[in-house]
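For clarity, every value in this text was computed on a predicted model and none was experimentally measured. Here, residue 1 is the first one in the sequence, and each next residue gets the next number.
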Amino acid sequence: MFSYFFDILNSNMLVCIEIISQIIEIIAVIIIFGAVISGSVRYLYQRYASYLKRNQQLTELRQYIGQWLLLGLELLVAADVIRTVALDQTLESVAGLGLLVLVRTFLSWALVVEMEGRWPWQH
């Protein structure tokens with residue numbers, strides 16, 4: 001009887017963990033999409049209000065979207081870690097997660113270099 005109860009509890013917990021990881025992914029996508037939309041609106045407003053130089057407008061747009069994109073990437077990594085650690089504990093899935101984290105880390109570094117003109121570890 002107790003094993004049946006724990007089986008139900010375990011399966012419900014796994015479903016909850018899957019839902020949580022999907023919610024985190026959805027939030028990440030909303031953040032990235034929202035940043036592109038709001039950044040574009042800000043750019044168009046600045047462009048037609050013409051109170052900033054065009055080069056400065058583009059730099060601000062890239063930095064704005066880049067910051068939010070970094071946050072979105074971090075949330076996507078968090079969702080993948082939750083899913084892999086809690087749900088799919090095979091060597092193949094852990095290796096896939098490692099590769100995914102490596103690629104997203106490289107993307108994050110590339111974004112920091114693009115936005116700030118320096119490597120993340122440089123002051």
Considering all heavy atoms, the nearest L61-G39 contact: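 Answer, listing the atom of L61 first, then G39: CD1-O, 3.1 Å.
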Do you know the tightest heavy-atom contact between L73 and L111? CD1-CD1, 4.0 Å
Residues in side chain to side chain donor-acceptor pair (under 3.5 Å) with [X], at least two apart?
X	value
S21	R83
Q22	E18
S93	T90

Could you list the residues that satisfy side-chain contact (heavy atoms from CB on, under 4.5 Å) with [X], not counting sequence neighbours?
X	result
V113	W119
Y64	S38, R42, W68
I20	I24
A28	L75, L76

Contact list for residues 90-118, test ring pair (Phe, Tyr, Trp, His ring centres under 6.0 Å), sequence neighbours left out: W109-W121
Applying ring pair (Phe, Tyr, Trp, His ring centres under 6.0 Å), which residue pairs with at least one partner in residues 78-103 are found, sequence neighbours left out? none
Cluster companions of L91 among Ile, Leu, Val, Met, Phe, Trp, Tyr (side-chain spacing under 4.5 Å):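 Taking Ile, Leu, Val, Met, Phe, Trp and Tyr as members, L91 stands alone, with no cluster partners.
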Salt bridge (charged side-chain N to carboxylate O under 4.0 Å, His left out) pairs, two or more places apart, involving residues 93-108: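 For residues 93-108, and leaving out neighbouring residues, the salt bridge (charged side-chain N to carboxylate O under 4.0 Å, His left out) pairs sorted by first residue read D80-R104.
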Same cluster or not: are [X] and [Y] linked, directly or through other Ile, Leu, Val, Met, Phe, Trp or Tyr residues, by side-chain heavy atoms under 4.5 angstrom apart?
X	Y	value
V15	I17	yes
L70	L107	yes
I37	L69	no
I82	I23	yes
L58	L44	yes

Sorted by first residue and then second, give each side-chain hydrogen bond (donor to acceptor under 3.5 Å, both in side chains) pair with at least one member in residues 26-37; sequence neighbours left out.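 side-chain hydrogen bond (donor to acceptor under 3.5 Å, both in side chains) check on residues 26-37 returns no pairs.
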Measure the CG-CD1 distance between L14 and I19 for me, rounded to the nearest 0.5 Å.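 That separation rounds to 11.0 Å.
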May I ask you to test the L100-V77 pair for a side-chain heavy-atom distance under 4.5 Å?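 In short, these two side chains do not touch, never coming nearer than 4.5 Å.
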